[in-house]
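Please read the structure below before turning to the comments.
Residues: numbered from 1 along the sequence shown. Keep in mind that this is a model prediction, so the values were computed, not measured. Just follow the structure's listing: the first ligand is 1, and inside any ligand the first atom is 1.
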Amino acid sequence: METNLRNKVAVVTGAGGVICSVMAKSLAAMGVKTALIDINADAVEKLAQEIETKYNVSSIGLAASVLDKESLQEAKRIINNKLGSVDYLINGAGGNSPLATSGVDQMVDSDLENLEETFFGMKMEGFDRVFDLNFKGTILPTMVFAMDMIEKKGGSIVNVSSMNSYRPLTRIAAYSAAKASVNNFTQWLAVHFSKMGVRVNAIAPGFLLTNQNRFLLTDEATGEPTARGVKIINNTPMERYGTPEELQGTLLYLLSDWSAFVTGIVIPVDGGFSAYSGV
Ligand code: NAD
């Protein structure tokens, strides 16, 4: 069976970031035209240039926010004009906020003296920010870009979830709940679109060392792993962090016709983390 990826048009949100910039390159390497969306215009404009030079396939970088429907609609007009109708959407923009991160894993009696470090010190502003970016930031781009797929009865959407969507990690209550909502929405939309030729799936990456989690996993001063970083490696049977490149096989599989009968699933790419009980 052909993968059927060549000359398709993919929109990638959060394409200025660590994971999605690599995803965009792996799509370009397969001959997919890429529209790179990020609030960081500089990052996606540079990436688009790099992709066109290296892979000789069209790519454009566009400044838009996944939380601003008008900016996405404006981006869609440019994409349709320059690249054509959209076939694929990768909802990659996402992340955590320190405002919705507790300072301690588990509350103990002595924390009553310093509630700021516990659940009681978490800021609603942080919850709003994290839910907006991860959950609404998946829904809005889908509303805007899936219409092209519905019109031609063909397309594939891949959401970016996380390990903590299955079972929450300590400290990051908002991010865990927001990614759980991404999984739930992935299933809901897969059913909703199932008779319209549009598939909806998600990738749940395991632990990668990137800008969004570096402050939790490595000591800023020494560069040594924090106790949390050590715990992660000990609970990952492959005993290492993953790399963004290791997500590309699953991404290409979910977009291509190789997964033509697959919709509504979340695939862990995690070095065995979600399979391991810790014993
Ligand atoms: P990153 O911070 O490197 O990239 C995120 C990108 O999203 C940035 O370029 C940022 O400018 C952009 N962005 C932020 N707000 C935006 C908005 N409103 N509109 C458009 N773009 C916006 O993060 P990353 O590590 O590459 O993560 C990418 C995705 O993978 C996220 O959804 C993240 O939650 C998920 N994820 C990451 C890990 C990890 O270990 N890094 C693990 C599991 C899941």
Side-chain angles (χ1 to χ4, degrees), residues 11-26 35-48 61-75 89-98 100-101 128-142 144-145 158-169 172 174-183 185-186 202-218 228-229 232-233 236 240-248 250-251 266-271 273-274:
V11 174
V12 184
T13 74
V18 181
I19 289 179
C20 291
S21 58
V22 172
M23 285 185 167
K25 286 181 200 170
S26 61
L36 315 173
I37 288 184
D38 205 291
I39 43 172
N40 183 348
D42 199 39
V44 280
E45 279 162 15
K46 278 194 189 128
L47 179 63
L62 296 163
S65 169
V66 293
L67 301 177
D68 175 2
K69 198 169 182 183
E70 265 177 35
S71 76
L72 295 169
Q73 283 166 330
E74 177 54 26
L89 171 64
I90 292 102
N91 280 312
N96 187 30
S97 161
T101 302
D128 287 344
R129 219 183 264 184
V130 171
F131 262 87
D132 278 357
L133 180 57
N134 294 281
F135 187 48
K136 276 195 208 161
T138 296
I139 294 171
L140 265 184
T142 306
V144 172
F145 296 110
V158 173
N159 298 327
V160 180
S161 183
S162 167
M163 269 309 102
N164 56 56
S165 64
Y166 304 107
R167 278 177 303 166
L169 300 190
I172 49 175
Y175 184 63
S176 297
K179 288 299 192 187
S181 70
V182 168
N183 290 13
F185 174 65
T186 299
I203 298 178
F207 293 88
L208 283 72
L209 196 56
T210 58
N211 297 337
Q212 86 175 37
N213 59 20
R214 201 174 301 272
F215 76 102
L216 284 171
L217 304 183
T218 45
R228 190 177 178 88
I232 287 171
I233 296 300
T236 301
R240 63 173 177 85
Y241 290 110
T243 66
E245 285 73 14
E246 288 171 318
L247 302 173
Q248 62 188 339
T250 308
L251 174 71
V266 182
I267 303 186
V269 183
D270 65 348
F273 181 88
S274 59

Check: T13 and I90 side chains under 4.5 Å, non-hydrogen atoms
no

For G206, counting its heavy atoms only, list the atoms of ligand 1 lying under 4.0 Å from any of them.
42 (C)

What atoms in ligand 1 come closer than 4.0 Å to a heavy atom of G92?
28 (C), 29 (C), 31 (C), 32 (O)

Under a plain distance cut-off of 3.5 Å, with no hydrogens placed, do N91 and T142 share a side-chain donor-acceptor pair?
yes

Are V44 and L62 side-chain neighbours, meaning at least one heavy-atom pair lies under 4.5 Å?
no

Would you call R228 and L169 a side-chain contact if the rule is heavy atoms closer than 4.5 Å?
yes

Closest heavy-atom approach to atom 5 (C) of ligand 1 among G94, G16, A63, G95 is made by G94

Should C20 be counted as touching ligand 1, given the test is an N or O pair under 3.5 Å?
no

With respect to L208, determine whether any N or O atom, backbone or side chain, lies less than 3.5 Å from an N or O atom of ligand 1.
yes

Polar contacts were defined as any N/O atom of the residue lying under 3.5 Å from an N/O atom of the ligand; does this apply to L67 and ligand 1?
no

Taking the side chain as every heavy atom from C-beta outward, state whether Y241 and I232 have any pair of such atoms under 4.5 Å apart.
yes

Quick one: does L247's side chain get under 4.5 Å of I203's, heavy atoms only?
yes

Any idea which atoms of ligand 1 are less than 4.0 Å away from a heavy-atom of A64?
19 (N), 20 (C)

Assess whether a salt bridge exists between E245 and K25, defined as any Lys/Arg side-chain N lying under 4.0 Å from an Asp/Glu carboxylate O.
no

Consider only side-chain N and O atoms of N159 and T138, and report whether a donor and an acceptor are under 3.5 Å apart.
no

Does ligand 1 have an atom that lies less than 4.0 angstrom from a heavy atom of T13?
no

Shortest heavy-atom approach to atom 17 (C) of ligand 1 - which of N159, V18, V66:
V66

Answer with yes or no whether A43 contacts ligand 1, where contact means a heavy atom under 4.0 Å from a ligand atom.
no

Backbone, side chain, both or neither: what part of I37 comes under 4.0 angstrom of ligand 1, heavy atoms only?
neither

Could you tell me whether K179 approaches ligand 1 through its side chain, its backbone, both or neither, with non-hydrogen atoms closer than 4.0 Å?
side chain

Given I232, T210, L209, D270, identify the one with the heavy atom nearest to atom 39 (C) of ligand 1.
T210

With a 4.5 Å cut-off on side-chain heavy atoms, are V12 and I37 touching?
no

Can you find a pair of side-chain heavy atoms, one from N183 and one from Y166, that are under 4.5 Å apart?
yes

Ligand 1 to S161, heavy atom cutoff 4.0 Å, flagged ligand atoms 43 (C), 44 (C)

List every atom of ligand 1 that sits less than 4.0 Å from any heavy atom of Y175, numbering the atoms from 1 in the order shown and giving each element.
33 (C), 34 (O), 35 (C), 36 (N), 44 (C)

For atom 11 (O) of ligand 1, which candidate among D38, N96, V160 holds the nearest heavy atom?
D38

